[in-house]
Structures are given as structure tokens and as C-alpha cells.
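All heavy atoms count here, side chains included; hydrogens, waters and symmetry mates do not. Predicted model, so just to flag it, every value in this text is computed and none were measured.
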Amino acid sequence: MLDFKKVENICAIVMLVAFFMPWVSFMGASVAGYSIVGTLNNLLSFGGESVPWQVYLIFLVPLAAVGVLVTDFLKTDEKIARIVAIVAGVIPVAGIIYLLIQSEGEGFKVLAMGAYLTVIAAIVMLLAVFGIVKMPK
């Protein structure tokens, strides 16, 4: 059974839900996290280009979040659960930093609620793993 009193589990669930929310909003159209690769593929195929490999890394976000939940469900070693939670927190934070560097700070203009929720949940997860944020008893 999952421990819903662990901050890491709550953040993992938020990250999973946010993956199905709009991550990008551009010119009136919104694209959810799970459909970013397909949408980019459709847009770039008109110009004969292919989707950059970095875009596929977006699927690591829900996989890592599921990893956090699975390690808690299976009651794995705390050290392994901690490493999985750190990886799950670092992936979205590193992704947003990469986006901001590549877009020279203009990336925030196209991000939507799902992306913001994912990054906030990832930061809170990292803070919980390092003991800065704790659930009140």
C-alpha cells in the first residue's frame, strides 16, 4: 500500500497528473505533455525535419514518477527509493533549465500549467528528499 503521507509520493502523483495537462500553449493551441512528441513530429514533418532526440526525454518524467511510487509500494530499500526520488526530481528541473538555456529565456512564454506543476512538484520532491520539507505529524 502506498504511503500518501510521504511528500515524495504526493509529488509523484502530481507529476503524473500534470503530464496529461497542457504543457505548451502557443498561438491559442495547447499541447499536453504526453502529446508533445507527436505534435512536434507532425509540425516538423512538413519541412522534412525530424524531432530532436532530446524531446523524447520528456517521457522520463512520468516513468521516474512511477518509479517513485513503485519503490514505495514494494517497500524497497530507503537508499534506492531516495535515489529514484532524486532522479525523478532532477529530470524536470534539468529539462526546464535546458529549455531556458536553449530558448535564451523565452521558454516561459510558451509553457502552460502542466509544465509549471511538474517543475514545482519536482522541486518540492527534491526538498523533501533532502529533508527540508516534511509532512506535519
Side-chain angles (χ1 to χ4, degrees):
M1 189 72 179
L2 283 176
D3 183 8
F4 290 106
K5 293 183 180 178
K6 285 180 71 176
V7 176
E8 294 91 336
N9 290 346
I10 295 169
C11 291
I13 292 168
V14 169
M15 289 168 66
L16 284 173
V17 170
F19 193 68
F20 295 96
M21 294 175 66
W23 272 34
V24 178
S25 182
F26 187 69
M27 294 175 36
S30 295
V31 180
Y34 72 91
S35 65
I36 287 177
V37 173
T39 304
L40 263 178
N41 192 26
N42 289 340
L43 290 173
L44 294 176
S45 65
F46 290 117
E49 298 178 42
S50 62
V51 178
W53 66 270
Q54 295 94 334
V55 178
Y56 289 96
L57 295 177
I58 200 165
F59 293 116
L60 291 178
V61 173
L63 287 175
V66 167
V68 170
L69 297 173
V70 167
T71 56
D72 185 57
F73 181 76
L74 297 177
K75 305 293 184 218
T76 58
D77 183 36
E78 278 298 312
K79 194 173 192 178
I80 294 171
R82 183 179 166 97
I83 291 170
V84 171
I86 290 172
V87 169
V90 166
I91 289 171
V93 172
I96 200 75
I97 290 171
Y98 177 80
L99 172 74
L100 292 175
I101 290 171
Q102 288 295 87
S103 67
E104 297 174 354
E106 299 293 318
F108 278 123
K109 291 181 180 179
V110 296
L111 292 181
M113 182 59 76
Y116 289 122
L117 274 175
T118 302
V119 172
I120 290 169
I123 291 170
V124 171
M125 183 182 291
L126 288 172
L127 292 174
V129 167
F130 293 114
I132 298 169
V133 173
K134 297 178 182 173
M135 286 292 267
K137 301 238 177 194

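In this structure, CG on L69 lies 10.5 Å from SG on C11, to the nearest 0.5 angstrom. Note that CD1 of I86 is 12.0 Å distant from CD1 of I91, once rounded to the nearest 0.5 Å. Between L44 atom CG and T39 atom OG1 the span is 10.5 Å, to the nearest 0.5 Å. Rounding to the nearest 0.5 Å places CE of M15 at 12.0 Å from CD1 of I120.
By the neighbour-count criterion of 12 heavy atoms within 6.0 Å, atom OH of Y116 is densely surrounded, having more than that number from other residues, nucleotides or ligands. The local environment of CZ in F59 is crowded, with over 12 non-hydrogen atoms from other residues, nucleotides or ligands closer than 6.0 Å. In the displayed structure, K75 atom NZ is contacted under 6.0 Å by more than 12 heavy atoms of other residues, nucleotides or ligands.
Of the possible donor and acceptor atoms, one in the side chain of S103 sits under 3.5 Å from a partner among the backbone N and O of L99. Formation of a donor-acceptor pair under 3.5 Å by the W23 side chain with backbone atoms of A18 is found in this model. Between the side chain of T76 and the backbone N or O of T71, at least one donor-acceptor pair lies under 3.5 Å.
Y56 is listed as a side-chain neighbour of V37, based on a closest heavy-atom distance under 4.5 Å. Side-chain atoms of I96 and L111, non-hydrogen and from C-beta on, do get closer than 4.5 Å to each other. Proximity of E8 to D72: side-chain heavy atoms (C-beta onward) are nowhere separated by under 4.5 Å. Side-chain contact between V14 and V124: absent, with no pair of heavy atoms (C-beta onward) separated by less than 4.5 Å. At a threshold of 4.5 Å between non-hydrogen side-chain atoms, the residues V68 and M125 count as touching.
Taking every heavy atom of both residues into account, V119 and P92 meet most closely at CG2-O, 4.2 Å.
Among residues two or more places apart in sequence or in another chain, the ring-ring contact (aromatic ring centres under 6.0 Å, His included) test is passed with F130 by none.
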